[in-house]
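See below for the structure under consideration.
Just so it is clear: chains get the letters A, B, ... in the order the sequence lines come, proteins before strands, and each one is counted from 1.
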Amino acid sequence: MSSSFCKRTPAGQAKPPPATRLNTHNAQLLVSTGVPSLDDVLGGGLPVGGVLLIEQDRQTGYSNTLLSYFASQAIAAGHKLCIVNADHQMDLTSMLPGWASAARGPAAEDSRSENSKDKSDSSSDAMKIAWRYQNLPKLGDIEGDEVSSSSQQIDAANEVKFCEQFDLSLRIPKEFVDKAQPIIIDGESIFNMANTEQYGGDMYQYVLDRISDIVQDGYSSLIPVPPNTERNILRIELRSLGSGFWQGKSPTSILQFLHRLRGLLRYSYAACVISFPVHLYEDSSGIRLPIVRRIEHLCDAVIELESFEGTYATPADIVARQIKGSLGATQDYHGFLHIHKLPRLNSMTASVGRLSLLHTGGGSSNNLAFRLRRKKFSIETYHLPIEGGVTERRVPASDDAKPQKRAVGAGAGCGSVPGRKDPLEF
Amino acid sequence: MSTASSLSIRRLVTYQQYTAPLIIVSETAQQTALPFLEAMVRESLARNMRIVAVCIDGLPSSDIANSPKTGIVDQRLSLDSILATNKPSSAATDMGIGAIDQNGFSQLQSAIDRGLQNIQTQMKLKSGNGSDDGVLVVIDSLDRLLRSSQTSTLMLVRRVRQAVCSVPKSRVVARFSRDLWDSKSWSYAANALCELADATVDVHPLDDLRTWMPGWYSDGRARPFMSLRNNDFRRGLARLEHKRQSGKISFEVSSFEIDAHSQLLKFSAVDVSAEPRLPQAQTNPSMTQAKGTSTEQKSQKAQPTQPTQTAQTAPAQQKDADPAADLSFNLSLTDKQRQDRANVELPYLNAQVMSAGEIHYQMDDEDDWDSDDPDDDLEI
């Protein structure tokens, strides 16, 4: 952790930037990604100065959902946002999930009144018998309950919440997006600007120069600022880096870009999330090209989203599915989350394991899966469904698959619905 | 499972249900997709749609090219341009003859836009207050474009797709070869196009059906690069990957045939009943549909060792049925009879076949489950 964050000035200790948290194990400044369960997986949050690589799922849009959460959290926390997207034109107002409670707003005055309300609520919930467990984090913490948010407060006065609660069915109102003034570099403008004499068609170089300009405009820790100015965080989002629309001078331009980006970010108050279409870099048998490994080495944290629906199905798989019928076990979850690398900036090991409720670090064997519900994206432990199948105890989805349905005589088992066969009945 | 009428690819090609602004058709040297592409174009012509044919490799067939509803954007290589590239510049040697540079791409883009606009004005003139029929833009082959610059090709395809989205009921269909590149750049280009596309159709030769059946594995011999059934200009197999607007993705395989008279496409589901028999006698009736004839069973018993037999394909089944044709009585079953046989519920099959761990109790006559309170008859 660079010591510039905690420089003691005679006038008093500098305050940490808004909506950040200090990792107690290695004194690193963390920002939230917007998804509480992803913060938990990363060990509290994304370290400032680090780069998170999300290996994109094929054909489905789950990584875009994660990135939209990241952008929404930036606006909610008052951080500066910069989005680079070569694939599409970005229309932020239609993409970013809105706040879950209508009364909330970013860094608003009413957050102080909310804080005091939370504290009084939590005191009335104090446990009488199991008081030893009072201070342990509850599983509900991952969901970001109102009651437990009081434990995250560092400074009661004027504190912006570390991670805002979002609702995917709502959208952020346009005035907040405009007030935040995000910097968007998207679509064909990158291609056109990169095709000038100066860059010679190298889009990576152009984007790096733009990012470098933005960082040096107040977010770099190398440039001294007047004492007691509050630092703000810059959040950089690179969507689908390395996709078909990105063009570089050589096949390894992306590596040079990432190396320079990491060097730039280490001395700045910026956090970066990159989504990377890894399925484009696999050959026909599913083996990844070596460049993917090098890209992973250049980033600080790497997670992979593998969606069940979008993975490539060979014709043999498709025919097999026709015979067997669709899988029941994967109905609840939408895909697996694989962790390839945990963030460790300036330390020997990632300090994630003990802090994480999902038990991700330290070689644990917890399988993680993600689920996109109507209002929320969450990462959970992957549980196999109960023996006999959950759906068989409920109303069966399709009756035509079982032509031999019989009516049970008088309907016997305790969980059975009359007229349907209960598979656990004996 | 999916009858011919419920095949998504059929509904897609005949414009019955789905709006897919961009369809990518891919082919290999073993099976060309050009007849498939032209059949799709004829399907659109039959529906009174306008065609903008972007010819980069070759002109379409004469009936399509001469139709009044077709506008041709001709970007084919001319002999002069091939002869002109004799300068040993790095671009020519890297990208090959006929490479298109940035100017070429923008020219192509503007040519396509002009073609679309011409068609649209024609349609407005004809029908007056706006057009009902859509436009089909056919890009004959993306290979030369991909060889020149993958990024520019993707941008071009994206722009054309956007242009087509603004015209109702319109579509872009593009063809490319998926086996032309080495393993790295192939997957990049094919996957990148697949990401962009709303539907991808991979055309395979008929012989590939054998390798799709469950239980198939190679006997070690190299498959012939060219076989007699490859590049059948009327038949083939298609693998469809369809990304709906709701975000749902569906996969489907089917076989297609181009009708000799109408030159239109006919799709049928892949016959999954032709799968290898296990060495034991146990078969699962819910999986098979055509296991009826006794002569087939006899032929099974006559060949006791099955472990290395590959899955039977349709010609093999016809071979087995031939002994039945010589008899004086009819042993074959009609489809309905096969269906009924498969639907017969064998008494304890459910318990046999279902996964272990579940207990299936089939009630006897004496059992009478009484759901009332068992303590009711206590007289206390």
Distance from His88(A) atom NE2 to Arg158(B) atom CZ, nearest 0.5 Å?
7.0 Å
Side-chain heavy atoms of Pro315(A) within contact of His204(B), under 4.5 Å:
yes
Ile249(B) to Gly310(A) - nearest heavy-atom pair and separation
CD1-CA, 3.9 Å
Residue part contacting chain A, namely of Leu196(B), when any heavy atom lies under 4.5 Å
side chain
Tell me the residues of residues 59-68 of chain A whose non-hydrogen atoms fall below 4.5 Å from those of chain B, in number order.
Gln59(A), Thr60(A)
How long is the span from the CD atom in Glu309(A) to the NZ atom in Lys243(B), to the nearest 0.5 Å?
11.5 Å
Considering only heavy atoms and a distance below 4.5 Å, find which of Gln102(B), Lys248(B), Arg159(B) pairs most often with chain A.
Arg159(B)
Could you grab the distance from atom CE of Met155(B) to atom CG of Asn192(A), nearest 0.5 Å is fine?
6.5 Å
Locate the shortest heavy-atom distance separating Ala192(B) from Gly244(A); write the atom from each residue and the value.
CB-CA, 4.4 Å
How many angstroms lie between CG in Asp87(A) and CG in Leu154(B), if you round to the nearest 0.5 Å?
9.0 Å
Is Ser240(A) close to chain B through its backbone or its side chain, or both, or neither, when contacts mean heavy atoms under 4.5 Å?
neither
Any donor-acceptor pair under 3.5 Å from Arg58(A) side chain to Asn191(B) backbone:
no
Can you name the closest pair of heavy atoms from Phe245(A) and Thr151(B) and give their distance?
O-CG2, 3.3 Å
Heavy-atom neighbours of Arg294(A) CZ exceed 12 at 6.0 Å:
no
Given a strict heavy-atom distance threshold of 4.5 Å, which part of Asp202(B) is in contact with chain A: side chain, backbone, both, or neither?
side chain
